[in-house]
Amino acid sequence: MKRSFKPYMLFFVLAIITIVTGFVYPPKITEVHLYDTYYIFSISTPIYGFAVLLLIGGGVYWLIDKWVYSQKLSWWHVIGTMVLLAILLLLEINATYYIRDMRYNDRFSFMLLNPVWFYLVIILWQLIFPYNLIRGLLRRP
């Protein structure tokens, strides 16, 4: 019986790597000021939160693994979402530096750097998941 690497396994491997990274990362404290509240927390806290999200995503994919229409569509959804989120992070970082520096004064460059339009792309990409699941459920006798 041939076992293939499934999308939920990728989630679990990334969660383990993230948890180990949280333990290895030097204990630093960061401060976030939101409106009138000042939050102080360890930098490993968001790392562990991301690991929990990965575990939840892996659990969801593990539970629906036998009902999906195509493993290829599952891989497209998982890898595409990760790539799109990485691009969004890079766009956010660029937009932050762009707004802070304000070296450029044209609206077109700001529109390209502002990732608001990219959220729509990510939301539309997420439609692959329900399509894959619903088509798989309709295929079942």
Side-chain angles (χ1 to χ4, degrees), residues 1-104 106-141:
M1 182 171 152
K2 181 183 167 190
R3 280 196 71 138
S4 61
F5 194 72
K6 307 261 180 151
Y8 65 85
M9 294 177 189
L10 177 66
F11 278 103
F12 293 143
V13 168
L14 290 176
I16 291 170
I17 291 170
T18 305
I19 291 170
V20 169
T21 302
F23 283 125
V24 173
Y25 203 85
K28 290 186 179 179
I29 292 180
T30 187
E31 302 146 356
V32 177
H33 181 93
L34 293 173
Y35 300 108
D36 62 345
T37 308
Y38 196 62
Y39 296 100
I40 300 173
F41 54 88
S42 171
I43 197 71
S44 60
T45 303
I47 293 174
Y48 294 140
F50 182 65
V52 168
L53 288 176
L54 286 172
L55 288 173
I56 290 170
V60 167
Y61 262 100
W62 178 59
L63 289 173
I64 67 161
D65 184 47
K66 57 184 156 220
W67 295 322
V68 294
Y69 174 68
S70 166
Q71 287 295 324
K72 196 177 282 188
L73 272 178
S74 294
W75 277 111
W76 271 97
H77 177 248
V78 170
I79 299 298
T81 300
M82 290 182 184
V83 167
L84 288 172
L85 289 176
I87 292 171
L88 178 67
L89 180 65
L90 292 174
L91 286 173
E92 286 280 357
I93 291 170
N94 274 345
T96 303
Y97 285 122
Y98 176 81
I99 291 169
R100 188 172 54 182
D101 291 345
M102 283 305 222
R103 287 185 297 215
Y104 312 106
D106 59 322
R107 291 182 181 268
F108 182 70
S109 296
F110 181 72
M111 185 66 176
L112 288 177
L113 287 173
N114 192 0
V116 173
W117 61 270
F118 204 71
Y119 289 112
L120 179 64
V121 174
I122 293 173
I123 290 169
L124 289 175
W125 189 262
Q126 299 312 305
L127 293 176
I128 293 174
F129 179 78
Y131 170 79
N132 194 14
L133 182 60
I134 292 170
R135 180 124 188 237
L137 288 172
L138 291 176
R139 183 185 63 167
R140 299 271 177 219

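Positions are given from 1, in the same order as the sequence printed here.
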Check your understanding: With Tyr131, which residues qualify under side-chain hydrogen bond (donor to acceptor under 3.5 Å, both in side chains), at least two apart?
Key -> Arg135
Exercise for review: Could you grab the distance from atom CG of Leu14 to atom OG1 of Thr21, nearest 0.5 Å is fine?
Suggested key: 10.0 Å
Point to revise | Phe50 atom CZ, over 12 foreign heavy atoms within 6.0 Å | key: no
Check your understanding: Of all residues at least two apart in sequence or in a different chain, which pass the side-chain hydrogen bond (donor to acceptor under 3.5 Å, both in side chains) check with Ser42?
Key -> Ser44
Exercise for review: Would you please name every residue forming a side-chain hydrogen bond (donor to acceptor under 3.5 Å, both in side chains) with Thr18, sequence neighbours left out?
Suggested key: none
Review point. Which residues pass the side-chain hydrogen bond (donor to acceptor under 3.5 Å, both in side chains) test with Ser70, sequence neighbours left out?
Key: none
Check your understanding: Within a reach of under 6.0 Å around CH2 of Trp76, are more than 12 heavy atoms found that belong to other residues, nucleotides or ligands?
Key -> no
Revision key, fill the gap. Between Ile128 and Leu73 the two heavy atoms that sit nearest each other are CG2-O, 3.7 Å
Check your understanding: For Ile87, which residues count as a side chain to side chain contact (heavy atoms under 4.5 Å, CB included) partner, sequence neighbours excluded?
Key -> Val83, Leu91, Phe118
Check your understanding: What residues form a side chain to side chain contact (heavy atoms under 4.5 Å, CB included) with Leu124, not counting sequence neighbours?
Key -> Leu120, Leu127
Practice item. Could you pull out all residues at least two apart from Tyr39 that satisfy ring pair (Phe, Tyr, Trp, His ring centres under 6.0 Å)? Key: none
Check your understanding: Does Trp75 have any side chain to side chain contact (heavy atoms under 4.5 Å, CB included) partners at least two apart in sequence or in another chain, and if so, which?
Key -> Phe5, Pro7, Leu10, Ile79
Exercise for review: Using a cut-off of 6.0 Å, state whether more than 12 heavy atoms not belonging to Tyr48 lie near its atom OH.
Suggested key: yes
Which pairs would a plain distance check flag for residues 55-65, meaning a side-chain donor or acceptor within less than 3.5 Å of a matching protein atom at least two apart in sequence or in another chain?
unit_1 : atom_1 : unit_2 : atom_2 : d
Tyr61  : OH     : His77  : ND1    : 2.5
Asp65  : OD1    : Gln71  : NE2    : 2.8
Asp65  : OD2    : Lys6   : NZ     : 3.3

